[in-house]
> 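Below you will find the structure I want to go over with you.
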Amino acid sequence: MLCTWTLRPGVRSAHRALRASGLPCIARRQLMGFVRNALGLEPPPSPMDPTPENRFHPWDQSPVDALRERAARIKTLAKCPVTGLNVEYTCPLSGIPTHHSREAWEQDTQYHATKRYETLKKVNIYEHDLRSGRPFPEFDFPQEQGYDKVVNMTNWDLFFYTRGFYSMDTEFQLAAVTKMLSYPVTIASLLAQFSPYSLNPKGPITLEGLKSLAAVRYTLYSQSFNNSARAGGVTTGGALKNRPMRLFVLGARAEAQLPGHVWKQLSYLFPEQSFEMVFIGPESYYDRARGQYVRSPTPVVEKVDETLKFIHYTDYFHVLHESQDFFPYDPYFDCFFTFHPGFASPENRDTWLSNTLPALLDTKCAIFTTGFDRDDLMNDVALLNEKFGSEMDILMEPTKNVFGSTKWELNDLNPHEVYQFNMYIAGFRGKRYHTIKR
Amino acid sequence: MGLEPSRYQDPRTWKMTPAMLRARRPFFARNMAALVLLLGTTSAIYTYTYGFLHRDNDFVDVPIPPVDEGELEQLKQEYAAHLESKK
């Protein structure tokens with residue numbers, strides 16, 4: 001009785017098969033398994049388990065079509081950093097086309113000294129792992145958090161452990177999941193009362209930043225304030241204005257396509273508050289049936305459940321701001337996020353600077369922005385300071401995002417440029433008080 | 001209906017998974033320091049008490065035979081003086 005109870009179903013059926021057929025090889029494996037179990041040793045690794053070795057293929061000889069095409073695209077678009085010619089040689093260490101020829105690859109001392117090929121190899125193996133067809137149990141996200149269980153937001157590992165995610169033992173599983181969860185959890189980590197970012201000088205949050213975050217937290221946790229007040233026999237003025245919190249995501253692209261259960265992870269962290277995710281930008285609504293971004297004159301509303309709603313506005317923010325679609329703004333209920341906007345990048349600098357940013361600063365709500373890497377965000381913040389220095393407050397100094405994606409990405413135009421989504425983060429806001437000249 | 005097994009333990013060997021070890025790493029040094037402190041305190045108290053109780057000096061003034069001649073003589077005098085004082 002005890003024996004059948006302790007055996008797991010799979011083992012039990014194997015037992016049954018053994019009894020039926022009596023195959024000696026199964027018997028040996030069973031015996032080995034028993035001995036290993038008794039000694040407390042690890043089971044042998046399954047061939048499906050990802051390792052850097054079994055996920056490594058040069059991209060131009062990859063078993064995956066998409067990656068062979070990508071290697072071809074790099075070869076047509078990118079230029080060798082040494083010779084300035086087309087990229088034709090695939091680096092044997094990273095498996096990614098990086099240089100014009102073997103000679104150029106050998107001459108690139110900076111490439112070898114900085115060990116950039118190690119990061120490039122990570123790009124390679126993560127991409128292969130996503131397409132390997134292994135089971136992905138880590139995408140089974142946990143549901144509600146028990147009220148007595150506090151979520152620790154110190155880093156990804158502690159967040160996953162305290163939230164009860166699948167035990168992600170390899171970097172491959174982390175890369176797959178953190179890329180997806182980076183958007184909701186970055187937002188949650190800024191707004192949560194146990195945020196990993198502390199006040200200056202110990203952390204990146206400035207005093208103005210704390211003012212803005214305190215306003216938002218007052219809304220997020222107002223239910224618990226009221227409950228404790230009521231338990232003490234004190235009647236406050238009742239709950240705050242009863243409307244969902246609006247989280248605006250400007251220039252939304254990938255984040256607007258994340259499925260509902262991913263954004264739902266944000267709601268599970270703030271169970272008492274309902275949210276409206278407002279995705280704004282010409283690429284904020286992707287029609288899966290038609291396979292393209294769709295512009296719509298009216299907002300497209302998707303309701304995930306009672307407490308979470310997606311609203312896609314497929315126009316620029318300044319247009320909607322001028323037509324007062326979102327009016328009134330309330331710093332207690334509204335918060336803005338721009339994920340890798342690239343304020344300083346030449347292609348969309350004009351739109352941001354001349355139209356969208358003045359409108360954003362006009363809202364007087366907190367705005368948080370992220371960058372692909374340190375330089376990207378530093379350029380953005382430098383440009384903001386230069387153009388709007390007197391009209392805005394810095395809420396958060398540029399700092400490494402605790403909940404950035406751990407998956408390394410590659411720029412096809414220049415394979416030497418590797419980045420991670422939401423790697424760095426900063427915050428700013430239009431000045432709330434009129435400056436008085438003395 | 002029982003307790004669910006933790007996802008952060010290997011279902012076969014009951015060892016902590018690498019993910020759990022990573023999650024516990026920030027606390028490892030301080031946990032170990034606390035462990036050393038607690039073990040040090042208890043073992044110091046224990047060894048002090050053990051040493052104190054084993055210092056057996058309750059009857060050190062009682063002479064144990066064989067007693068040598070000179071000491072016997074001295075003891076006899078002491079006893080005589082004692083009897084003298086009683087009278």
Side-chain angles (χ1 to χ4, degrees), chain A residues 5-12 14 29-30 32-46 49-51 137-143 146 149-178 196 402 406, chain B residues 1-68 71 75:
Chain A
W5 178 72
T6 50
L7 290 174
R8 286 175 308 141
V11 183
R12 215 181 299 159
R29 206 185 306 152
Q30 282 285 317
M32 280 307 292
F34 178 76
V35 170
R36 210 180 290 116
N37 239 359
L39 294 175
L41 299 175
E42 303 282 323
S46 142
D49 286 347
T51 62
E138 62 267 29
F139 284 122
D140 268 346
F141 292 158
Q143 308 280 305
K149 291 179 180 171
V150 178
V151 179
N152 189 327
M153 299 199 104
T154 309
N155 56 34
W156 274 122
D157 291 324
L158 275 161
F159 172 74
F160 287 141
Y161 177 64
T162 48
R163 252 315 260 138
F165 273 79
Y166 180 80
S167 171
M168 285 174 257
D169 299 341
T170 64
E171 52 180 330
F172 297 95
Q173 294 166 324
L174 279 176
V177 173
T178 55
V402 177
T406 62
Chain B
M1 208 179 116
L3 286 170
E4 247 182 58
S6 167
R7 298 166 114 180
Y8 284 79
Q9 276 176 327
D10 190 300
R12 291 166 69 92
T13 60
W14 296 95
K15 282 183 190 169
M16 286 189 272
T17 60
M20 190 172 181
L21 292 174
R22 267 186 283 125
R24 290 173 54 134
R25 200 186 303 146
F27 309 102
F28 185 79
R30 269 182 296 168
N31 281 354
M32 283 299 126
L35 176 72
V36 167
L37 189 76
L38 284 175
L39 283 183
T41 313
T42 42
S43 57
I45 292 171
Y46 187 81
T47 43
Y48 170 75
T49 316
Y50 189 83
F52 181 80
L53 290 180
H54 273 254
R55 219 180 298 134
D56 198 3
N57 54 2
D58 283 352
F59 298 102
V60 277
D61 50 337
V62 178
I64 298 165
V67 184
D68 63 73
E71 203 175 346
L75 284 171

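Throughout, protein chains are lettered first and strands after them, A, B, ... in sequence-line order, and every chain is numbered starting at 1.
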> To the nearest 0.5 Å, what is the distance between CZ (A/Phe139) and CD (A/Gln173)?
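Here the rounded value is 9.5 Å.
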
> Name all residues meeting the side-chain hydrogen bond (donor to acceptor under 3.5 Å, both in side chains) criterion together with A/Ser167; count only those two or more places apart in sequence or in a different chain, and write none if there are none.
A/Asp169, B/Thr17

> Please give me the minimum heavy-atom distance between B/Thr41 and B/Leu37, naming the atom from each residue.
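In terms of heavy atoms, the two residues are closest at OG1-O, 2.6 Å.
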
> So which bits of residues 25-35 of chain B come within less than 4.5 Å of chain A, counting non-hydrogen atoms only?
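Hits under 4.5 Å: B/Pro26, B/Phe27.
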
> Sort by residue number and list every member of residues 152-159 of chain A having a non-hydrogen atom under 4.5 Å from chain B.
A/Asn152, A/Asn155, A/Asp157, A/Leu158

> For A/Arg163 and A/Val151, indicate whether the former's side chain and the latter's backbone hold a donor-acceptor pair under 3.5 Å.
no

> What pair of heavy atoms forms the shortest contact from B/Tyr8 to A/Tyr166, and how long is it?
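That would be OH-O, 3.7 Å.
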
> How far does CG of B/Asp10 sit from CE of B/Met20, to the nearest 0.5 angstrom?
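It comes to 12.5 Å.
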
> Return all side-chain donor-acceptor pairs below 3.5 angstrom for residues 44-51 of chain B, not counting sequence neighbours, or 'none' if the list is empty.
unit_1: B/Thr47; atom_1: OG1; unit_2: B/Ser43; atom_2: O; d: 2.8
unit_1: B/Thr47; atom_1: OG1; unit_2: B/Ala44; atom_2: O; d: 3.0
unit_1: B/Thr49; atom_1: OG1; unit_2: B/Ile45; atom_2: O; d: 2.6

> Enter the distance from B/Met16:CE to B/Gln9:CD here, rounded to the nearest 0.5 Å.
8.0 Å

> Looking at side-chain heavy atoms only, is the closest gap between A/Phe165 and A/Glu138 below 4.5 Å?
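Sidechains of A/Glu138 and A/Phe165: no contact.
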
